[in-house]
Amino acid sequence: MQRQPHIMTLAQWAGPARWKAELPHSHDTHSILWITRGQGRCLLDGIRRGVGVHNAVIIPAGTLFSTDLARLGFGLVCAIPPSEAVPMPDSAQLLRLRDVHAQSELTTILETMQREDKAQRPFSDEAMRAHAVLLGVWLRRSMIEQDPDPTRPPAAERLVRAYAALIERDHATGKPMADFARALGVTPTHLTRTCRQCAGMSASQLLTQRILHAARSLLDHSDHPFNRIAAMLGFRSAAYFSRFMLHHTGQTPTQLRREAHGATMPQAGERGFG
């Protein structure tokens, strides 16, 4: 995990592989996105939302989310370790800034942080922490100004957010969607209908996509044999894991790993099924 606040472009943050941004996942840092060009969609706490120019997206660490922004989109992202004394909301937020003064304030804070981050002058870490605290103050003020008397979210959104939190916590346990529905006190049919309404996909699809992101991350960033990855993600066997990846990506784990790392891979990483 990074040790201090860090600024990057939206493209750097999302990475070159589209699945890394577009499949639901979480980060171990708080993320504040400031979009200055382009438009698209994002999934925040299980809720699908449209995003565009002069939108600020706040994603607390450990929150299930995904982004699908146009390739021509541009913006800045501030990643803040949870250990920093920067208060963040309990759930993801989308702020649509129409006030020019508010837009200018946020742009100035982030661009100042970007210059400080690149310069790496003495005491840069202290300066970045101070700017992050200022960013947190701006965030809280903007949330109050946009919604001075927040109402309780509709029941459907509360259910999907609760489901998203359970997915993020338990997606690697091998539990089927029906077990999540039971834990939430609803039927699988009701959970599926509500997810389609709020997330734009079924409850099973949301769970599957989170597992896919975890699986592809392990294939990309580790040399674990496939049977170990299967066990880490709650699959009954490496063979079942291989069939799952082939069905949902059109490629075997071996092909996905080779695609990420090049044509030649250590045989240990390919031992067994795939």
Side-chain angles (χ1 to χ4, degrees), residues 2 6-53 55-79 92 94 160 164 167-168 171-172 195-196 198-224 226 229 233 241-263 265 269 274:
Q2 68 185 51
H6 176 57
I7 293 284
M8 66 203 92
T9 66
L10 192 59
Q12 290 170 330
W13 180 77
R18 296 188 64 171
W19 66 264
K20 292 185 177 181
E22 295 178 3
L23 288 175
H25 61 292
S26 71
H27 285 173
D28 56 11
T29 58
H30 304 310
S31 301
I32 301 176
L33 289 60
W34 176 226
I35 301 168
T36 55
R37 186 177 69 206
Q39 60 184 3
R41 296 179 301 173
C42 63
L43 186 79
L44 301 174
D45 262 352
I47 310 301
R48 182 75 68 185
R49 301 182 185 279
V51 293
V53 177
N55 285 185
V57 184
I58 297 88
I59 309 170
T63 298
L64 187 73
F65 80 97
S66 66
T67 58
D68 179 9
L69 298 171
R71 290 283 124 181
L72 297 178
F74 184 79
L76 291 174
V77 179
C78 180
L94 174 60
V160 174
I167 286 178
E168 187 52 39
H171 65 271
C195 282
R196 288 193 187 279
C198 296
M201 67 183 84
S202 72
S204 292
Q205 286 173 323
L206 187 56
L207 175 59
T208 295
Q209 289 191 13
R210 180 62 183 96
I211 296 170
L212 279 171
H213 192 285
R216 297 199 65 168
S217 294
L218 286 168
L219 291 170
D220 274 24
H221 302 300
S222 79
D223 59 358
H224 298 321
F226 300 147
I229 293 177
L233 295 177
F241 170 65
S242 182
R243 290 195 296 272
F244 174 87
M245 297 305 294
L246 180 61
H247 176 72
H248 290 290
T249 70
Q251 295 177 282
T252 66
T254 295
Q255 291 169 327
L256 291 168
R257 179 166 273 176
R258 284 178 170 171
E259 181 181 272
H261 295 282
M265 288 295 301

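As the structure is a computational prediction, the values presented were derived from the model and not from experiment.
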Can you tell me how far [atom2] of [Y] sits from [atom1] of [X], rounded to the nearest 0.5 angstrom?
X    : Y    : atom1 : atom2 : answer
W34  : I7   : CH2   : CD1   : 13.0 Å
L94  : I58  : CG    : CD1   : 7.5 Å
Q251 : R258 : CD    : CZ    : 12.0 Å
L212 : H171 : CG    : NE2   : 11.0 Å
L23  : I211 : CG    : CD1   : 11.5 Å
W19  : D220 : CH2   : CG    : 4.5 Å

Please examine the side chains of [Y] and [X], heavy atoms only from C-beta on, and report whether any two atoms are closer than 4.5 Å.
X    : Y    : value
M245 : Q255 : no
S66  : E22  : no
S222 : R257 : yes
S26  : T63  : no
F226 : S242 : no
L33  : V51  : no
N55  : R49  : no

State, to 0.1 Å, how close [X] and [Y] come at their nearest heavy-atom pair, and which atoms those are.
X    : Y    : result
A79  : T29  : CB-OG1, 3.9 Å
A14  : A21  : CB-CB, 4.0 Å
G46  : A164 : N-CB, 3.9 Å
V57  : I35  : CG2-CD1, 4.4 Å
E168 : G62  : CG-O, 3.3 Å

Next on the checklist: Apply side chain to side chain contact (heavy atoms under 4.5 Å, CB included) to residues L218 and L233 and explain how you reach the verdict.
Outcome noted: CA-CA 10 Å; L218 286 168; L233 295 177; 4.2 Å; yes
**Prompt:** With R41, which residues qualify under salt bridge (Lys or Arg N to Asp or Glu O under 4.0 Å), at least two apart?
**Reply:**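 Once residues adjacent in sequence are excluded, the partners of R41 under the salt bridge (Lys or Arg N to Asp or Glu O under 4.0 Å) criterion are D68.
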- Query: Is a donor on one side and an acceptor on the other found under 3.5 Å between the side chain of H30 and the backbone of P60?
  - Reply: no
Evaluate the criterion side chain to side chain contact (heavy atoms under 4.5 Å, CB included) for residue pair L206 and L43; output intermediate values, then yes/no.
CA-CA 10 Å; L206 187 56; L43 186 79; 3.7 Å; yes
* Near H221 NE2, under 6.0 Å, is it more than 12 heavy atoms from other residues, nucleotides or ligands? -> yes
- Item | Test ring-ring contact (aromatic ring centres under 6.0 Å, His included) applied to H213 and H25, H27, H248, the passing residue |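 Among H25, H27, H248, the one meeting ring-ring contact (aromatic ring centres under 6.0 Å, His included) with H213 is H25.
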